[in-house]
Amino acid sequence: MIIETIKQKFYNSFKELDLEAPLMDEIEIEHPKHKEYGDYSCNIALKKAKSYKTKPLKLAKDIASTLDKDNFFAKVEAIKPGFINIYISKKELRDILLTIHETGEDFGRNTQSENSQKVLLEFVSANPTGPLNVVNARAAAFGDSLAKIMNFLGHEVQTEYYINDAGNQIDILIESVEVELNRLAEMPVKEVEGGYKNQYIREVADEILEEEHQSIFRTSEANKEKKIRKYALDGILKRQKESLLDFNVFFDNWISEQALRDKGSVEDVLSYLAETDYIYEKDDAMWVSTSKFGDDKDRVIMKGDGTTTYLIPDLAYHISKYKRGFNQLIDILGPDHHGHTKKLQAGMKILGYDIDILNFIILQQVNFIIGDKKVKMSKREGNIFTLDQLIDEVGTDASRFFFLMRKSNSPLDFDIELAKKQSSENPVYYVQYAHARINSLEKKVSKEGIKFKNFKPEYLKRLRYEEEWNLIRKLMKFPELLVHISATQSVHLLTSYLIGLASTYHTFYQKRRVVNKRYKELSLARLYLCKATQIVLANGLRLLGISAPKEM
RNA sequence: GCGCCAGUAGCUCAGCCGGAUAGAGCAACGGCCUUCUAAGCCGUAGGCCAGAGGUUCGAAUCCUCUCUGGCGUACCA
């Protein structure tokens, strides 16, 4: 990676100047805001001048003069307060295009084994009580893309969906299906308080009647309940999985809460806790002193009636995560669950686990812009869109892109009309269009009798316009961007990078004609540049789970 | 009350482990198609980075306080 190479060269420069070299991490190579300040810049002289008992500008000049001799750079110069501005040589820029073509879909991939982490990424994890909704969809898009990016950078990421198929809500689900079943069979119906009434309930009831006919009503009450439970859980989960597949989202693991409970893990947690000094009885219930470990207050773990609260199975689930030997556990949660993180962390700490590796990403809420009105998506208010509706209405590509345009901890306003528009206002089409445009160039070239296989690297010397260099500079930054995204989990930077890359490309395309049979070498050089751009666009889109169309 | 997140251009937002002139995209206004996809390009305009203090050579960025909005704060999951 370019940025690493530059860092190393700075490090060496200190040696050459007989100065004690700073730590590698202290050398920050940044992207200046203005292009008059170079391709990259460095503020090490400002930061370190004091410790060398010299003036920043003097130090900057010394460093710059050693680096300026290096052919890797076109120019390295020290400026006013003590910045060092770096310009990459034309040869290096041309070589980047060769690298992109050589590595192809692996351009940007990092196989750094030494920093590789084993990561568990859990997301969506909805109750199997109905269709997935748009809040789940934001989590699905974010988690899936983050996993793809981290994997691409050499981490070993597993994605996981935790199925909450046990507990209160499931009992209500079973009753709701039974009500629906009775209604379908025209039998007496007793409504369930707080029961579920979504489309999946009706479909499952339908399915049961179709498969079992009247026999379901003749069997014992216990057997009937067992059957309904199986149909309901399997049926709804199957539908949720289908929606996720339509949304291009894949999970490595599906973990069932019921299965964990069947293994006795809830009892295990209770006995582990009993061995600590942090549980006590009060008001007929059993409490754990999470407040001693950063929680706002202590929590009940066992209610007066002898049943446990949700904290216990959740601790059990997280213990199972720890036992699988990950270096990092990431829970991606919805906005309504952030109150849950402190008690979970406190609980894990009490059980003796290292909570530094347990991280949470809270996705903020989703609002839909319909017409010119903002509609808050809320399950409670019953105005929530399902994921399937979103896919039908807007499509997977546009939806995923829109979900990933904002940083995770900002609320997201989703403009449906804009997402559906097929014009430059819509950033998804803007990016995909750049990719498609390049494809049509290839056709054009062969029509003109220019053969791409005749390309030779020395033709790249024909590139000499600013629009061409700008495009290469943009391409060059793709790998280091991915490193930054992976480290900071800021997936949204990839969407804005792609918009920027598309824009840089469109500018080049408008200004510099690619195909011209009178200048075959130039045509091939530019085509080579275009195809490098196409590779990077495709790689970026693929990491976002979005298609890269060849024609539009 | 307490906690978390946010407050940057008319709108939606980047930038936030401090750096040099605060950036995009929409919307507005004015241009560009007899030549590779105009689903495109170019230009103009638009800002006391919510407010007040502090830290420093230097603050949108870090600290404190205030104001505004969202969410959370269960013996629900």
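Below, read A as the first sequence line, B as the second, and so on, with proteins coming before strands; counting in each chain starts at 1.
- Using P as the reference atom, rG1(B) and rG18(B) are 33 Å apart when rounded to the nearest Å.
- Under the side-chain hydrogen bond (donor to acceptor under 3.5 Å, both in side chains) criterion, Q489(A) pairs with no residue at all, not counting sequence neighbours.
- Between rA52(B) and rG70(B), the two C1' atoms lie 24 Å apart (nearest whole Å).
- Here K342(A) pairs with D295(A), D296(A) under the side-chain contact (heavy atoms from CB on, under 4.5 Å) rule; sequence neighbours left out.
- The distance between atom NE2 of H340(A) and atom C1' of rA77(B), rounded to the nearest whole Å, is 9 Å.
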Quiz item: In the 5'-to-3' direction, what one-character label does each nucleotide of nucleotides 30-35 of chain B receive under the scheme B = base within less than 4.0 Å of a protein heavy atom, S = sugar-phosphate only, - = no such atom?
Solution: -----B
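- In the set rA77(B), rU73(B), rU12(B), rA77(B) carries the atom at the smallest distance from any side-chain atom of Y310(A).
- For E26(A), the salt bridge (Lys or Arg N to Asp or Glu O under 4.0 Å) partners two or more places apart in sequence, or in a different chain, are K48(A).
- rC11(B) and rG46(B) have their C1' atoms separated by 12 Å, with the value rounded to a whole Å.
- Remark: C1' of rA77(B) and CD of E257(A) are 8 Å apart, rounded to the nearest angstrom.
- Residue contacts shown for A434(A) are absent, as no nucleic acid heavy atom lies under 4.0 Å away.
- The base of rG3(B) lies close enough to the side chain of H338(A) for a donor and an acceptor atom to sit less than 3.5 Å apart.
- The distance between atom CD1 of I361(A) and atom P of rC4(B), rounded to the nearest whole Å, is 18 Å.
- Residue pairs meeting the side chain to side chain donor-acceptor pair (under 3.5 Å) criterion with at least one member in residues 399-410 of chain A, sequence neighbours excluded, are D144(A)-R400(A), S145(A)-R400(A).
- Straight-line distance from the CD atom of E466(A) to the C1' atom of rC41(B): 18 Å, rounded to whole Å.
- Between the C1' atoms of rU61(B) and rA22(B), the separation comes to 11 Å (whole Å).
- Listed pair K297(A) / rA74(B) meets the phosphate criterion, a side-chain N or O lying under 4.0 Å from OP1 or OP2.
- Within the 4.0 Å cut-off from OP1 or OP2 of rC36(B), not a single side-chain nitrogen or oxygen of R526(A) is found.
- As rounded to the nearest Å, rA50(B) and rA59(B) have P atoms that lie 15 Å from one another.
- By the side-chain contact (heavy atoms from CB on, under 4.5 Å) test, K58(A) is found to be paired with T54(A), K55(A), D62(A), residues two or more places apart in sequence or in another chain being considered.
- Contacts of E267(A) classified as side-chain hydrogen bond (donor to acceptor under 3.5 Å, both in side chains), with partners at least two apart in sequence or in another chain: none.
- Across rC17(B) and rA6(B), the matching P atoms stand 12 Å from one another, rounded to whole Å.
- Between the side chains of T504(A) and N470(A), no donor N or O sits under 3.5 Å from an acceptor N or O.
- Regarding K342(A), its NZ atom lies at a distance of 14 Å from the C1' atom of rC71(B), rounded to whole Å.
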Practice problem: Could you run through nucleotides 14-29 of chain B and give me one letter per nucleotide, 5' to 3': B if any protein heavy atom sits under 4.0 Å from the base, S if only the sugar-phosphate is that close, - if neither? | Solution: SSB--BBB-S--SS--
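- With sequence neighbours excluded, the residues forming a side-chain hydrogen bond (donor to acceptor under 3.5 Å, both in side chains) with K421(A) are E425(A), listed by chain and number.
- Rounded to an integer number of Å, the gap from D314(A) CG to rC76(B) P is 15 Å.
- Note that the CG atom of L471(A) and the CG atom of L501(A) stand 6.5 Å from one another [nearest 0.5 Å].
- Counting any heavy atom pair closer than 4.0 Å across all strands shown, E551(A) reaches a base atom.
- Using a 4.0 Å heavy-atom cutoff across all strands shown, G167(A) reaches no nucleic acid atom at all.
- H337(A) and D331(A) are not linked by any side-chain donor-acceptor pair at a separation below 3.5 angstrom, with hydrogens and angles left out of the test.
- For R261(A), the side-chain hydrogen bond (donor to acceptor under 3.5 Å, both in side chains) criterion is met by E257(A), not counting sequence neighbours.
- At a threshold of 4.0 angstrom between heavy atoms, the contacts of D283(A) include nucleobase atoms, whether or not backbone atoms are also involved.
- K343(A) places its NZ atom 18 Å from the P atom of rG3(B), with the value rounded to the nearest Å.
- Nearest to the side chain of D413(A), among rC36(B), rA77(B), rC13(B), sits rC13(B).
- Under the 6.0 Å cut-off for aromatic ring centres, Y430(A) and H506(A) qualify, their centroids lying closer than that.
- Within the 4.0 angstrom heavy-atom criterion, base atoms lie near K550(A).
- Side-chain contact, N164(A) with Q169(A): no donor N or O sits under 3.5 Å from an acceptor N or O.
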Exercise. Return one dot-bracket line describing RNA chain B 5' to 3' (Watson-Crick or G-U wobble pairs, both distances under 3.5 Å; ( ) same strand, [ ] crossing, | another strand, . none).
Key: (((((((..((((.....[...)))).(((((.......))))).....(((((..]....))))))))))))....
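- Rounded to whole angstrom, the span from the CG atom of L363(A) across to the P atom of rA6(B) amounts to 13 Å.
- rA20(B) and rU12(B) have their P atoms separated by 27 Å, with the value rounded to a whole Å.
- Spacing of P atoms, rG43(B) relative to rG3(B), comes out at 49 Å, to the nearest Å.
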For residues 37-44 of chain A, run the donor-acceptor check on the side chains, cut-off 3.5 Å, and write out each pair with its distance to 0.1 Å, sequence neighbours left out.
residue, atom, partner, partner atom, Å
D39(A), OD1, R473(A), NE, 2.7
D39(A), OD2, I88(A), N, 2.8
Y40(A), OH, E480(A), OE1, 3.3
Y40(A), OH, E480(A), OE2, 3.1

